[in-house]
Amino acid sequence: MKRVVHFTLNGFEVEQEIESHKMLLDLLREKFELTGTKEGCGQGECGACTVLVDGLAVNACLFPALEVEGRSVTTVEGLIGEGGRLHPIQEAFVEAGAVQCGFCMPGMVMSAKALLDETPNPTEEEIRRGISGNLCRCTGYVQIVDAIKLASQKLKGDGRG
Amino acid sequence: MNEYSFVGKPVPRPDAPDKVAGRALYIHDLKRPGMLYGKIKYSEHAHAKILNIDTSKAERLPGVRAVITAYNTPEVRFGFIRDNIALKKEKVRQFRDEVAAVAAIDPEIAEEALELIKVEYEELPGVFDPEEALKEGAPLIHETDPQGRPKKDNWVPVSWKFNAGDVEEAKKKAKYIAEDYLETPPILHASLGTSGCIAEFDLQGNLIIYTKTQIPFLAQNDFNRALASMGLKGKNTRVIVPTLGGSFGSGLDTHGYEYIAILLAYKTGRPVKIVLDREEESKTLSPRQSTRTKILQGCDENGRLLFREVRMLLDNGAYTSWGATTPSVMMLPISSIYRVPNVFYEARHVYTNNTYCQAMRGYGNPQAAWAIETNLDHLAEEANIDPLDMRLINKNIPDDISPMGLRITTCGMEECLKAVAQKLNWKEKRGKGRNKARGVGIACLFHVGGSGRVYRSDGTGVILKIDDFGYATVVTGAIEMGQGLVAALTVATAEALGVTPDRVMVVTGDTATCPWDVGTHASRGAFTACNAVIMAAQKAREKIFQLAAEHFLNRVNFKLSQMKKKDPNFQIPDLGINRPLEPEDFELKENVLYLRSQPQNKYLRMGLDELIREAHFKEQGTMIITEAFYDPCNQMLDKDTCIGNLSATYIFGAQGAEVEVDLETGHVKILKYVAAHDVGKVLNRHSILGQIYGGAVQGLGFALSEEYKRDKGRMLNPNFLDYKILSANDLSFPIEVELVETMDKEGPFGAKGVGEPGLVAVAPAIANAVYDATGIRINSLPLSPEKIALSVRRLKKE
Amino acid sequence: MNRFDYIIPKDLEEAISLVKGYGLEARYVAGGTDLLVRLKQRALRVNYLVSLRRIGELKGISRENGSVRIGGMTTFREILRSEIVQSHLPVLIEASKVLANPQVRNVATISGNICNAAPSADSLPPLMVLGATLTLRGPEGDRTIPLEDFFEGPGKTRKANDEVLLGLSVRMPDQETRFSFQKIGRVSQDIAIVNGAIAISLEKEEVRSVRLVLGAVAPVPLRLRGVEERLTGQRLTGHLLDEAQKMAEKEVQPISDVRASEEYRRHLSGVVVRRLIEKASGIEDL
């Protein structure tokens, strides 16, 4: 059954018709062509589809599309500033050499965002716990943890969240 | 030593911004106009006769555009020995066998259609153990070989044997001998981005396929053969490779789903996309093969190795991939890690009704290293020698030739061993922590570092072109799969050509435009492609300097006269050049051309772009385009003796761990992990560290938690819930890396390959540490908490 | 996943009447992190999912008459951040911390964890040793049921399909009772191979009362009454612990599956029981 959902997507009010059994991931990728959010497992185990719903990190593959009604959704595309300027967290990932195949990156960046929004000065353990729902097969996580530490410093200087 | 501008400096990866922004396009993200979605129906049995396939209901489902089976499509054979066919006829031999496929206007309809296809089977007895498969009367997996000749047993007609010296004689002389039987399970590549492709035909019958592969040109060859089978002989394939999303060897073969997408696209006349979901990827993509290894090593009273004997039985599964050649790479450490004069090695593949296997990162070396390095610790104990000393006594040395004919040039094994020992505080810790169940372990690795000639050509082609704006575009058939090829090529091009990295653009992944490359495997991407680009850059510099000899001074004089026009007070300086300039007079560095004799003279400096335009925009002008094909100075193994210098250089390393074992639950807690690698030369520190950290953590999964579990051929854990790759939470310990630079003369700027070695030595290093901590040897991977705890428990009871 | 209709009712009354009307074709869905996975795996088919996510009265944590009340649709994130739970039910915090991962804890609810009735669910042993009572509402009205009596088998409970778990209530434990929680997985983040919780009250190292529950070792979270009985009234000694450990190994009824063998689960049951007692009593190395 098709239903209409209204929500805020990366700062813009949107409305979209979608079959009601679809997940937020389908809504984003198929209806809005926001393909930055990835599907790695479809079962909430890998975190590649992490987006923020009202500021909280969720797996879009297990979040029913209709449940974003009236809520605010931020995807990795929503972090990019004018002229394609990367968000300080994204900059930090680039600078720390945390990127390899890149498939886990959008989800990883969103989990880092959720973590740093709540815990601006995380310890290493808090970082590891914060990204424990995001699997990466390439990096061994070491440089990702470094990147989030670097991002935390950058955000302090930058003043934006 | 050369002073480099960019090599070894922290240059950010050019592909990173798009990836962190979600802009990189993977196969999942691509769409073609009019595209249909394909889904595959797999076998419901491990071994069965196909009696009937009824597709009539599926065909009638609205939205379905094609339903195909072996009975309404041409037979498309593929695989390393062409023992596989895209859609199965008469018989299925494994659970993942493809029996039918659907193309529909959306993926859900395609899936619904699959459920409407009814297949009748007659189940056959299956065989799931390679030893069982060799017994008399075991069910035959293949009744005929690919040529149609009857088969009498389940041996795969690919076997490997190497013999040096006289092992039997050496056994008699050996003072100490250790024998072990060691196993490894199948392992998933578990790339975060699953596999998939989009196939479409142009109206001349040529195929265009966007696909996740590491071997675009070998794939082109495979697909062209498929086209011939489909009655399209002489037609060509264009393979286009999107951003890869991890691959780790899974892209070294062409796969059933690709051929099925091709058949569906041909049948429907529309682009057809097949993307595997996680469960499909886990069940239907070939894992790293499992091994059973019987190993004996022996030494004299001083610990000097006298012989090594290794017999391996490999569960091939139902069909044969390029993975059948992994014993050729296993052979390297088996014949050549440490100096050992007498070696016997035999590896044989057996057909079973299990999933068929392929290569994975390390190409067999992780399985070989697991056997050699744990058995070596066993031998050290027999001989009462410290395992570190055992390795130092027998270490590989520079400028040596191994029994297999491997020419070891540079070799940092000793430095690596010493670095690991020092970082682990080896002498203080080894053998002293058992009361606290703490221990240290070490293991070495030996791997190809200068590509590996497993195909007749081991080459990589590169085209280098320089545009009007001074940008250098590098076009190559090598593939970026996340390992950092683009970054390495960018740095190498910048350094070799004399431009800044921001002026370099790398284009890869299209067989129609990129020059040939054998494939991205064997840790060879950066090694061969950078060597090729250095050659191409050299040619480009020659041309640039020739153009400079022709045009530079004219341009300088023209600019000086312009300045004089603008400002009559300007004094045209005496440039002090009183002879025609020669190409040798010039240098190009960081985008600027200047005279070697007057590097600081501001009137005699010119942007590369300016010179190029000067040469371009005139009658009968010219542009700079060069090419190079680098094929390393390595050899194919002799097909009878297996002797040959497989790689242009070899990589060495040592890894070690300090662990604490929870004797009750069996969990291995790593306190510290250390990796020391001979990398030749650091091209990009971030990239190398990323390869080593990532390799080590994959290796830790192999050591501790990963296992493809199955019951009579059926996979039991096709998801991340139960196939346990490590998460960040598991890594609460430091990983210390030491990079040893040996400046290899074959390597680009001295660098060796670094993609695979990170994971090779991990499992034995951990097993050796667990032994040091507990006195328990687990002879099969993974060293799961269950195996350890139950071993401790049984030991206590005894 | 089959195509189902996802319905977001405006209130509880509408939710109940929808599920009552559709009968077994419909199911309630809470956070969905388990149910949707089973639908995707085709282990389950439904035609209607009725969402409870927007029903305000199912949310929130409060203190009432010496009890803590947790609304069914409270997420684990909310439990972890609740001062009431932190100060009165720290053992539930311990379990919630290791339940899945941050993304899942942000949406998974306590009612989902209970009603899915996975024998390995991490919140169940703590809630059972706390003596939690559930309140259900169905078309016929409300009823309460002790959590301990709620489970019938893996995925099976006494809740009727059209009943909603309104919430649960836990008597605030007295000062003397001490708690601990243990979870053993294959890696740090895993479904439990064995988990467990204990509530124990001691008087001079003598056990006055004890409740001990292990998960993933039987079709339902299992109270180890044999061990409880053996411990009650006894002085905690090393010998008694050895005995409890051995008894636990026998009392559990685990299966072998892809995660662990029966033998390993039995072994771990003993280890977990021992560690639970040691940790709760503060007595180690007896």
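Below, all heavy atoms of this structure are taken into account, side chains as well, without hydrogens, waters or symmetry copies. Proteins get letters first, then strands, A, B, ... in listed order; numbering begins at 1 in each.
Inter-residue side-chain proximity for B/Val20 and A/Pro106 is flagged as unmet; no heavy-atom pair is nearer than 4.5 Å. Taking 4.5 Å as the limit, some side-chain heavy atom of B/Pro12 sits within range of a side-chain heavy atom of A/Val94.
Between atom SG of residue A/Cys46 and atom CD1 of residue B/Ile725 there is a gap of 8.5 Å, rounded to the nearest 0.5 Å. Taking CG from B/Leu192 and SG from A/Cys138, the interatomic distance works out to 7.5 Å, rounded to the nearest 0.5 Å.
Interface check for chain A: of the options B/Leu25, B/Leu731, B/Leu700, B/Val697, the most heavy-atom pairs under 4.5 Å are formed by B/Leu731. Your options are A/Ile89, A/Ile144, A/Leu34, A/Val99, and the one with the most heavy-atom pairs under 4.5 Å with chain B is A/Val99. Interface summary for chain B: among A/Gly102, A/Gly36, A/Gly47, the most heavy-atom pairs under 4.5 angstrom belong to A/Gly102. Per-residue heavy-atom pair counts under 4.5 Å with chain B were compared for A/Gly107, A/Gly130, A/Gly97, A/Gly133, and the maximum is reached by A/Gly97. Ranked by heavy-atom pairs shorter than 4.5 Å toward chain B, the options A/Cys104, A/Ala96, A/Ala48 are led by A/Ala96. When each of B/Gly758, B/Pro10, B/Pro17 is checked for heavy-atom pairs under 4.5 Å with chain A, B/Pro17 comes out on top. Ranked by heavy-atom pairs under 4.5 Å with chain A, the list B/Ile735, B/Leu244, B/Leu726 is led by B/Leu726.
Taking every heavy atom of both residues into account, B/Phe720 and A/Gly40 meet most closely at CE1-O, 4.3 Å. Across all their heavy atoms, A/Val76 and B/Ala21 have their closest contact at CG1-O, 3.8 Å. Closest approach of B/Gly246 and A/Cys101 over heavy atoms only: N-CB, 3.1 Å.
Of the atoms belonging to B/Ala190, heavy atoms from both backbone and side chain fall under 4.5 Å from chain A. With a 4.5 Å cut-off on non-hydrogen atoms, A/Ala98 does not touch chain B at all. Of the two parts of B/Leu689, the backbone and the side chain both hold a non-hydrogen atom closer than 4.5 Å to a non-hydrogen atom of chain A. Contact annotation for B/Leu188: only backbone heavy atoms (N, CA, C, O) come within less than 4.5 Å of a heavy atom of chain A.
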Could you list each N or O donor-acceptor pair linking chain A to chain B at a distance under 3.5 Å?
unit_1	atom_1	unit_2	atom_2	d
A/His21	NE2	B/Glu108	OE1	3.1
A/His21	NE2	B/Glu108	OE2	2.7
A/Arg29	NH1	B/Asp29	OD1	3.0
A/Arg29	NH2	B/His28	O	2.9
A/Arg29	NH2	B/Asp29	OD1	2.7
A/Lys38	NZ	B/Asp29	OD1	3.3
A/Lys38	NZ	B/Asp29	OD2	2.5
A/Gly40	O	B/Arg278	NE	2.8
A/Gly40	O	B/Arg278	NH2	2.9
A/Gln90	NE2	B/Val20	O	3.0
A/Glu95	O	B/His686	NE2	3.0
A/Val99	O	B/Arg13	NE	3.4
A/Val99	O	B/Arg13	NH1	3.1
A/Gln100	O	B/Lys19	NZ	2.7
A/Gln100	OE1	B/Gln691	NE2	3.2
A/Gln100	NE2	B/Gly690	O	3.0
A/Cys101	O	B/Tyr26	OH	2.7
A/Gly102	O	B/Tyr26	OH	3.3
A/Phe103	N	B/Tyr26	OH	3.2
A/Arg137	O	B/Gln698	NE2	3.0
A/Arg137	NE	B/His189	O	2.9
A/Arg137	NH1	B/Glu706	OE2	2.7
A/Arg137	NH2	B/Leu188	O	2.9
A/Arg137	NH2	B/Glu706	OE1	2.8
A/Tyr141	OH	B/Leu726	O	2.7
A/Gln143	NE2	B/His686	O	3.0

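Listed by chain and number, the residues in a ring pair (Phe, Tyr, Trp, His ring centres under 6.0 Å) with A/Phe32 are A/Phe7 (sequence neighbours excluded). Scanning for side chain to side chain contact (heavy atoms under 4.5 Å, CB included) contacts around B/Ala763 gives B/Trp370, B/Phe702, B/Ala703, B/Leu781, with sequence neighbours left out. The side chain to side chain contact (heavy atoms under 4.5 Å, CB included) search around B/Ala104 returns B/Val64, B/Val102, B/Ile109, B/Ala110, not counting sequence neighbours.
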